[in-house]
Structures are given as structure tokens and as C-alpha cells.
J.: 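Starting off with a structure, shown below.
When a ligand or atom number is given, it counts from 1 through the structure's own listing order.
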Amino acid sequence: MPGDVVVWRNTRAVLEKYGLQPKKSLGQNFLIDRNIRDKIVDAAAITGDDVVLEIGPGVGTLTEELARRASRVIAVELDGALVQVLRDRLPPDRVLVVEGDVLALDLPSLLGEASPIKVVANLPYYITSPIVFRFLEWKGWEMMVIMVQGEVAERLVARPGTKAYGALSVAVALQARAEILFKVSRQVFYPKPQVDSAVVRLLPRHDLGVDLQGPSLLIRAAFGQRRKTLANALAAAPWNPLSKEETEKFLLGAGIDPSRRGESLTPEEFLSLWMEFQRVGKIQDVAGRNGDEGEGM
Ligand code: SAM
């Protein structure tokens with residue numbers, strides 16, 4: 001019997017046993033193909049020395065295999081009904097199941113001692129961007145292997161001037177080297193989503209030593225109004241005290257043509273522009289600096 005059928009039966013059987021239906025609102029599309037599961041775990045090159053954080057373990061399909069290979073797995077699941085399933089099914093000496101929202105977790109307290117850790121996940125697609133931003137800012141990881149929707153995978157690795165290039169691409173490029181490893185058909189999920197997926201690996205980039213919180217203000221302002229020139233988009237940003245004319249002058253002084261659009265700037269240009277803003281002290285402290293990074297970013 002092919003392996004994928006075994007996982008499929010298992011997932012359905014587990015849900016049925018607990019009287020559960022997949023919750024669309026929580027992005028519950030469960031992986032039901034054993035080969036894909038193994039390819040994801042292989043991509044993270046897990047050894048007995050690794051501590052792995054799994055985001056959204058679901059019924060534990062990936063978790064089981066991660067637990068077989070890692071020294072310890074910390075699995076964070078928002079759905080309390082699934083937490084019960086996971087605690088019943090997985091060995092407690094190897095897997096710590098944490099009930100909670102990954103976006104609200106105190107990452108340093110939970111994982112600080114074990115870091116750098118590896119992150120492996122079939123992510124809940126409705127909050128992919130905020131999760132990626134959160135981990136880029138935290139930095140306590142040495143590798144992330146994440147399954148995301150195909151279009152988001154393109155954004156994670158996009159280069160300037162392309163349609164997919166946006167705030168997420170710049171943030172990723174400043175903190176990591178990202179690579180699409182393989183595409184995944186929608187057929188291998190239950191229930192079947194509307195879109196295909198891809199598995200992406202991120203490795204941290206230590207050479208730039210960037211603290212993303214500052215530059216992300218600039219990046220968000222530049223891409224918040226994609227159609228606008230950089231001068232117009234930045235002049236409208238709440239943290240920028242300069243008028244439009246002053247912003248134009250400032251950009252010229254920094255060697256950036258003010259009529260360019262944000263989508264044409266390289267990650268390195270964003271970084272040096274941010275450093276220039278800081279150097280001349282032209283940044284206002286604004287409330288909500290770490291506000292929500294929506295999917296549209
Ligand atoms: N890992 C499982 C698999 O591959 O079959 C399930 C993946 S499913 C795409 C996403 C999982 O993330 C679901 O189990 C869902 O309940 C969980 N989830 C959704 N929002 C979450 C959040 N904010 N924090 C933690 N887990 C979340």
C-alpha cells in the first residue's frame with residue numbers, strides 16, 4: 001500500500017475518532033502525503049542535537065516524524081481540540097505541546113535557552129506574513145523550513161522590479177537567504193485548498209547584522225502605496241517629519257532618485273536609506289511601530 005494512503009487514512013481516522021472537522025478559519029489543511037512529509041523533514045536536516053519548533057502541528061503528521069529525529073520538538077497549536085489529540089498521540093518526553101497563538105508567544109522565554117532552534121511548519125496560510133516577520137525579527141533560529149502557498153513562496157524569494165517583490169521580500173532578503181525547494185500540489189491536503197503550495201528554506205544572514213524593526217517602517221511606507229513615487233510614499237509616512245520637498249532633497253542627498261518607486265529599490269538600498277534617515281535624526285517615534293504586517297505587505 002503506498003505510504004500516502006496510510007497517512008490519509010490516519011488523518012481522517014484521527015479526526016473522526018475525536019469528532020473533529022477541519023476548521024477553515026484556522027487554515028486547517030492537513031498534509032496527507034507521507035512522501036511530502038518526509039521531504040520536508042529531510043530538508044531541515046534534523047539530527048539528534050536539534051530542538052525544533054513546529055508551528056501549527058494539526059493532528060501531528062509532521063510532528064511524529066520530527067520527534068523521531070530531533071532531540072526535542074516544541075509544537076505550538078492554537079486549536080484546543082487538536083492540542084488534546086496531540087497530547088494523546090505524541091511521546092511527552094520528546095514533544096512539548098504548547099496551546100497558544102504563535103504570534104502572541106514569548107519566543108525568548110519559551111525557546112531562548114534552546115536557541116538557535118530549527119523551525120519546521122506547514123503554516124496556517126492566513127497569517128503567513130506576520131509569522132515570517134515575527135521570526136525574522138526574533139532571530140533565534142538557525143533554519144526555517146516552511147510550507148506556504150505558492151504565490152507567497154514567490155514573494156519570499158522575489159528580486160527587485162518583479163511583480164512579486166514587496167515588503168516581505170525585502171525583509172526576508174535583509175535577514176536570510178531564502179530558496180524555494182519544491183512545489184507541492186493541492187492534492188496532498190485534506191481538505192484540498194484552492195491553491196498549490198511550495199516549501200521554502202530560510203537560512204539566517206549574519207553579514208548585514210540588521211535589526212529589522214527600524215527598516216521595516218521604511219519598507220512598509222514604500223510598499224504601502226505601490227503606485228506612488230518614493231518621495232510621495234515616504235512624505236506620507238507618520239514617522240517622517242520632512243515635507244515632500246524636504247523628502248525629495250533628502251533622497252537626492254542619499255543618492256536615490258525621488259521619482260523611483262519602492263519596488264525598484266534593492267534590499268541594500270532600503271537599508272542604507274534607513275541608516276541615512278537615522279544618521280540625520282529624521283525619524284519621529286511613532287506609536288504602533290510593530291503593528292500588524294498584513295498579508296498584502
Ligand atoms: N502541521 C499540520 C499538517 O501539516 O497537517 C497542520 C497544518 S495546517 C495548514 C495549520 C495548523 O496551524 C492548524 O493545525 C491550525 O489549527 C494551526 N494554527 C492556526 N493558527 C495558528 C496560530 N495563530 N498559532 C498556532 N497554530 C495555529
J.: Do the ring planes of Phe135 and Trp138 sit parallel (below 30°), tilted (30 to 60°) or perpendicular (above 60°)?
T.: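 Perpendicular.
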
J.: Identify the closest protein heavy atom to atom 2 (C) of ligand 1: which residue and atom is it, and at what distance?
T.: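 Answer, as residue, atom name and distance: Pro57 O, 3.3 Å.
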
J.: Ignoring angles and geometry beyond distance, decide whether Thr61 reaches within less than 3.5 Å of ligand 1 through its nitrogen or oxygen atoms.
T.: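 Looking only at distances, the answer is no, because the N/O contact criterion of under 3.5 Å is not met.
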
J.: So is Ile55 touching ligand 1 or not, going by heavy atoms under 4.0 Å?
T.: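 Ile55 does not count as a contact of ligand 1 under the 4.0 Å cut-off.
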
J.: Is ligand 1 less than 4.0 angstrom away from at least one heavy atom of Tyr126?
T.: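 Per 4.0 Å heavy-atom rule, Tyr126 contacts ligand 1.
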
J.: Can you tell me if Gln28 and Asp79 form a side-chain donor-acceptor pair at under 3.5 Å?
T.: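 There is such a pair between these side chains.
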
J.: If we only consider heavy atoms of Ile127, is any one of them less than 4.0 Å away from an atom in ligand 1?
T.: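 In this structure, Ile127 qualifies as a contact of ligand 1 - some heavy atom is under 4.0 Å.
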
J.: Looking only at protein heavy atoms, which one is nearest to atom 4 (O) of ligand 1, and how far off is it?
T.: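 So the nearest neighbour among protein heavy atoms is Asn122 ND2, 2.8 Å.
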
J.: Record the part of Asn29 in heavy-atom contact with ligand 1 below 4.0 Å; permitted values are side chain, backbone, both and neither.
T.: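 Just the backbone.
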
J.: Just checking Lys183: does its NZ atom have more than 12 heavy atoms from other residues, nucleotides or ligands closer to it than 6.0 angstrom?
T.: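 Not more than 12 within 6.0 Å, no.
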
J.: Do the side-chain N and O atoms of Tyr18 and Asp88 include a donor-acceptor pair separated by under 3.5 angstrom?
T.: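 There is such a pair between these side chains.
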
J.: Judging by distance only, is a nitrogen or oxygen of Leu82 under 3.5 angstrom from one on ligand 1?
T.: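 In fact, backbone or side chain, Leu82 has no N or O that close.
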
J.: Using heavy atoms and a threshold below 4.0 Å, how should the contact between Glu54 and ligand 1 be classified: side chain, backbone, both, or neither?
T.: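 The answer is the side chain of Glu54.
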
J.: Within 45 degrees of the ring normal and closer than 6.0 Å to the centroid, is that where the cationic atom of Arg155 sits relative to Tyr165?
T.: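 Negative - Arg155 is either too far from the ring of Tyr165 or too far off its axis.
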
J.: Which atoms of ligand 1 have any heavy atom of Gly100 under 4.0 Å away?
T.: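 Answer, ordered by atom number: 24 (N), 25 (C).
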
J.: Decide, yes or no, whether a salt bridge links Glu65 with Arg68 under the criterion of side-chain N to carboxylate O below 4.0 Å.
T.: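 Salt bridge flag = yes for Arg68 with Glu65.
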
J.: Counting non-hydrogen protein atoms only, what is the nearest one to atom 26 (N) of ligand 1? Give residue, atom name and distance.
T.: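 Sorting protein heavy atoms by distance from atom 26 (N) of ligand 1 puts Leu78 N, 3.4 Å first.
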
J.: So if I count the atoms of ligand 1 from 1 in the order they appear, which ones are less than 4.0 Å from some heavy atom of Gln28?
T.: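 Atoms satisfying the 4.0 Å criterion: 13 (C), 15 (C), 16 (O).
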
J.: Checking side-chain polar atoms at under 3.5 Å, does Ser197 have a donor or acceptor matched by the opposite partner on Gln149?
T.: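 The criterion, which ignores hydrogens and geometry beyond distance, is not satisfied for Gln149 and Ser197.
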
J.: What atoms in ligand 1 come closer than 4.0 Å to a heavy atom of Leu31?
T.: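 Going through ligand 1 atom by atom, the ones under 4.0 Å from Leu31 are 3 (C), 4 (O), 5 (O).
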
J.: Between Thr247 and Asn240, is any side-chain donor less than 3.5 angstrom from a side-chain acceptor?
T.: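 Yes, side-chain donor-acceptor contact under 3.5 Å.
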
J.: Identify whether the distance between the nearest side-chain nitrogen and carboxylate oxygen of Asp42 and Arg69 falls below 4.0 Å.
T.: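 Here Asp42 pairs with Arg69 in a salt bridge, since their nearest N and O are under 4.0 Å apart.
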
J.: Is the contact between Ala121 and ligand 1 made by the side chain, the backbone, both, or neither, using heavy atoms and a 4.0 Å cut-off?
T.: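 None of Ala121 does.
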
J.: Using a strict cut-off of 4.0 Å, indicate which atoms of ligand 1 neighbour a heavy atom of Phe30.
T.: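 The atoms of ligand 1 under 4.0 Å from a heavy atom of Phe30 are 5 (O), 6 (C).
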
J.: Quick one: nearest non-hydrogen protein atom to atom 18 (N) of ligand 1, plus distance?
T.: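 Answer for atom 18 (N) of ligand 1: Pro124 CG, 3.8 Å.
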
J.: Just which atoms of ligand 1 are under 4.0 Å from any heavy atom in Val76?
T.: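 With Val76 as reference, the close atoms of ligand 1 come out as 25 (C), 26 (N).
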
J.: For atom 16 (O) of ligand 1, what's the nearest protein heavy atom and its distance?
T.: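 Ranking protein heavy atoms by distance from atom 16 (O) of ligand 1, first comes Glu77 OE2, 2.6 Å.
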
J.: Are any of the N or O atoms of Gly56 closer than 3.5 Å to those of ligand 1?
T.: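 Between Gly56 and ligand 1 (N or O atoms, distance only) the closest approach is under 3.5 Å.
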
J.: Among all protein heavy atoms, pick the one closest to atom 19 (C) of ligand 1 and tell me residue, atom and distance.
T.: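 Among all protein heavy atoms, the one nearest atom 19 (C) of ligand 1 is Leu26 O, 3.2 Å.
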
J.: Give the atoms of ligand 1, by number and element, whose distance to some non-hydrogen atom of Gly27 is under 4.0 Å.
T.: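 By the 4.0 Å cutoff, the relevant atoms are 8 (S), 9 (C), 10 (C).
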
J.: Please indicate whether any nitrogen or oxygen in Asp101 is less than 3.5 Å from any nitrogen or oxygen in ligand 1.
T.: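 N/O-N/O distance below 3.5 Å exists for this pair.
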
J.: Can Arg260 and Glu269 be said to form a salt bridge (charged side-chain N to carboxylate O under 4.0 Å, His left out), step by step?
T.: CA-CA 12 Å; Arg260 283 174 69 183; Glu269 283 177 314; 2.9 Å; yes

J.: Is the Phe270 ring parallel, tilted or perpendicular to the Phe223 ring (thresholds 30°, 60°)?
T.: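 Phe270 vs Phe223 ring planes: tilted.
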
J.: Which atoms of ligand 1 sit under 4.0 Å from any heavy atom of Leu123?
T.: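 Once the distances to Leu123 are compared, the set is 9 (C).
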
J.: Could you check atom 24 (N) of ligand 1 against the protein and tell me its nearest heavy-atom contact, residue, atom and distance included?
T.: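 The closest heavy atom on the protein side is Val102 N, 3.0 Å.
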
